[in-house]
Amino acid sequence: MLNALPVSVTGGLTVLLSSGGGRMTTLNRLGRHDSWEGVRALVTGMGVSGFAAADNLTHVGATVLAVDDSDAGDRSEKATILEILGADVRLGPGSTAGLPEEYAWDQIDVVVTSPGWKPSAPLLAAAAQHGVPIWGEVELAWRLRDPHLEAPWLAVTGTNGKTTTVQMLDAILRTAGLRSIACGNVGLPVIEAIMDPEPYDVYVVELSSYQLHYTHSMRCESAAVLNVAEDHLDWYPDMAAYAADKGRIYEGVRTACVYNVGDETTEYLVREADVVEGARAIGFTLGMPGVGMVGLVDDILADRAFIEQRAHNAAELCNVADLASPAPHFIANALAAAALARSHGVPTIAVRDGLRSFQPDGHRIADAGEVDGVRYVDDSKATNPHAAQSSLSAYEPVVWIAGGLAKGASFDSLVKSARDRLRAVVLLGRDRGVIAAALGRHAPDVPVIEIADGETSVMDRAVRAAADLAHPGDTVLLAPGCASMDQFENYGARGDAFVAAVRALGTPRLNRTDPTRICPDPAWLQRVWRRCCGECDGDGRGGC
């Protein structure tokens, strides 16, 4: 039975150390209440987590050198703060090509890197060559947690659904009366949460594969890998390396390793993990749950893992109707959050009430309105093919708006699974050709429109093109399957542009005397003219 997955066991919580000999021995003795005076730390990157790491290292007494190739945004302000605290900060082009001339590697005891930095980055590669341990901000946070309190960590990773699951879990824990905080890859950096003078009862930690790559000694109470699908292959050499970093989250787990029954890779990662004796493997499934799982019984989210009579019974957690969305991936996220909460001893009623109260952040399968009988849905957060595939599975028929930065991903599997749902596809962004090629191979009969770069907003043109192709009862779905930074500041800005373009559909810009002067697109013109006048004789003017 899957609830009895064999897992290898360590007898304790032995820290996995990097190379570095005596340097690491000294660092391993340091914690929250020790003075770090004499520790010389290099912090690479001055984003949110990098600044938090540098700030707290100075707080515990370390000597800090912080570097970043960029001085954009608020980095100069952060540098000023850190310099007041005694840190040496170097910003601007060339700052990360190597150590400053007045420094040598035998003067650096530890590197704390921002998660997006590849191991091949010159500073990190040089640190590894010189035997200097490389930590992420999460690793530093684990080492600085208060040993007298040691509130448990419930951690979540996966290609998709991390933020939603973490926020669901946080809502459940708060409903249960616990002082919980969602941190990590969402919201507050973990180290800021850990160093808060008012301690939390439990930390709900979202972790990306990048963060896990630089985390060595973390040992969670319970952890979940939601799914593993093709992503970040511009950072990793292959899928095996990407999955291995995801699997780090299970190392040393004390209570429950939560995995996706429908994703064999997550099950494999549980089997390979070294956990504390007594830790259980808990599956979540959109099907009928077996013993040791949570899943669906008709429209009921049910627990057969954390009740005494689980061999023959299940406990009701909530109904699908209690959730903010009936989309399959949203239900799966709720089940994973419920499993983690139940592993922490949260009663079923708190799970139900927490999930009932939860509303997802913007740009996650968000309803953007209805125009002419067509529903518009903003899932701009679907930034890889797996996320887009999950979103597409919730709607039919669909006019799909996709494209952006593909990050080395393939779209063949997505297109093959979704082609029967597609009314048409509208593509935009730098790597739209990658998706167009997959559509040509696996869905050649699906109409495709490509939106080229131009002076007019690409999203306005994409939404109007989608509206032309959609029929009443269809869904126009923005689920790009790609990152946004080629054309937008971030996925939020992309989603905002989509919502604004949908709203503009209800305000046609027509010259009633000669509408073709304003809009030379006959298909769009006829559709809007019908909406204005109720009839059309085929050339866009007739009854008007």
Side-chain angles (χ1 to χ4, degrees), residues 1-5 7 154-156 158 160-162 164-178 180 202 204 221-227 250 253 255-264 266-267 270 278-360 365 390 393-394:
M1 297 293 290
L2 286 179
N3 65 296
L5 280 175
V7 290
L154 302 176
V156 178
N160 298 302
K162 297 184 294 294
T164 298
T165 303
V166 160
Q167 291 174 336
M168 285 177 168
L169 177 55
D170 185 44
I172 293 168
L173 293 167
R174 289 171 180 267
T175 300
L178 296 168
S180 166
V202 59
V204 184
E221 177 180 86
S222 295
V225 180
L226 303 176
N227 41 62
Y250 289 136
V253 160
T255 301
C257 296
V258 177
Y259 69 98
N260 184 343
V261 175
D263 187 322
E264 293 180 357
T266 67
E267 180 182 328
V270 174
R280 299 172 60 201
I282 305 297
F284 66 90
T285 175
L286 293 176
M288 184 78 70
V291 176
M293 300 181 191
V294 295
L296 284 179
V297 179
D298 296 326
D299 289 331
I300 296 173
L301 280 68
D303 170 10
R304 290 192 70 192
F306 300 101
I307 61 172
E308 290 186 7
Q309 303 300 323
R310 55 183 173 267
H312 304 289
N313 296 295
E316 180 177 342
L317 298 171
C318 71
N319 292 308
V320 170
D322 292 322
L323 304 177
S325 170
H329 61 295
F330 195 85
I331 298 170
N333 294 340
L335 287 164
L340 289 167
R342 294 287 285 152
S343 78
H344 190 62
V346 172
T348 56
I349 191 169
V351 173
R352 181 199 67 191
D353 292 346
L355 290 174
R356 277 180 175 175
S357 68
F358 175 75
Q359 292 295 322
I365 54 174
S390 296
S393 70

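This is a predicted model, so every value here is computed, not measured. These numbers come from the heavy atoms of this one structure, side chains and all, not from hydrogens, waters or symmetry mates.
- Using a 3.5 Å distance cut-off with no hydrogens or angles, the side chains of Asn333 and Thr164 do not pair a donor with an acceptor.
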Self-check item: Trace of the side chain to side chain contact (heavy atoms under 4.5 Å, CB included) decision for Tyr250 with Val225
Solution: CA-CA 8 Å; Tyr250 289 136; Val225 180; 3.4 Å; yes

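- Side-chain atoms of Asp303 come within 3.5 Å of backbone atoms of Ala305 as a donor-acceptor pair (strictly under, hydrogens ignored).
- Taking every heavy atom of both residues into account, Val346 and Ala176 meet most closely at CG1-CB, 4.0 Å.
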Self-check item: Residue pair Leu335, Leu286: steps toward the side chain to side chain contact (heavy atoms under 4.5 Å, CB included) verdict
Solution: CA-CA 9 Å; Leu335 287 164; Leu286 293 176; 4.2 Å; yes

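- Side chain of Asn260 to backbone of Leu226: a donor-acceptor contact under 3.5 angstrom is found.
- Taking CG of Asn319 as the start and CG of Leu296 as the end, the distance is 10.5 Å to the nearest 0.5 Å.
- For the atom pair CD1 (Ile172) and CG (Leu317), the distance works out to 8.5 Å, reported to the nearest 0.5 Å.
- Dense packing is recorded around CD of Glu316, with more than 12 heavy atoms of other residues, nucleotides or ligands lying under 6.0 Å away.
- Closest approach of Val291 to Ala311, counting heavy atoms only: CG2-CA, 4.0 Å.
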Quiz prompt | Intermediate values then yes/no, side chain to side chain contact (heavy atoms under 4.5 Å, CB included), Cys318 and Val351 | solution = CA-CA 8 Å; Cys318 71; Val351 173; 5.9 Å; no

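- Summarising the geometry of Ala337 relative to Leu169, their closest heavy-atom pair is O-CD1, 3.5 Å, with the distance given to 0.1 Å.
- Atom NE2 of His329 sits about 7.0 Å away from atom OG of Ser393, to the nearest 0.5 Å.
- Taking CG of Asp299 as the start and CD1 of Ile331 as the end, the distance is 8.0 Å to the nearest 0.5 Å.
- Remark: the backbone N or O of Pro289 is paired with a side-chain donor or acceptor of Arg304 at under 3.5 angstrom.
- In terms of heavy-atom proximity, Ile365 sits nearest to Ser325 at CD1-OG, 3.2 Å.
- Between His344 and Phe306 there is no side-chain heavy-atom pair separated by less than 4.5 Å.
- Side chains of Thr255 and Arg280 form no contact here, defined as non-hydrogen atoms less than 4.5 Å apart.
- Checking side-chain atoms of Arg352 against main-chain N and O of Arg356 turns up no donor-acceptor pair under 3.5 Å.
- By the neighbour-count criterion of 12 heavy atoms within 6.0 Å, atom CD1 of Ile307 is densely surrounded, having more than that number from other residues, nucleotides or ligands.
- Across all their heavy atoms, Ala334 and Leu301 have their closest contact at CB-CD2, 4.0 Å.
- For the side-chain contact (heavy atoms from CB on, under 4.5 Å) test with Tyr259, the passing option among Ile282, Asn227, Val270 is Val270; the others fail.
- For the atom pair CG (Asp170) and OG1 (Thr165), the distance works out to 12.5 Å, reported to the nearest 0.5 Å.
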Exercise. In sequence, state the C-alpha distance, the side-chain angles, and the governing distance for Glu267 and Val261, and then conclude on side chain to side chain contact (heavy atoms under 4.5 Å, CB included).
Key: CA-CA 7 Å; Glu267 180 182 328; Val261 175; over 6 Å; no

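- Within the 4.5 Å cutoff, the side chain of Phe358 has heavy atoms near those of the Gln167 side chain.
- Between Val204 and Ser180, the shortest heavy-atom distance links the atoms CG2-OG, 3.4 Å.
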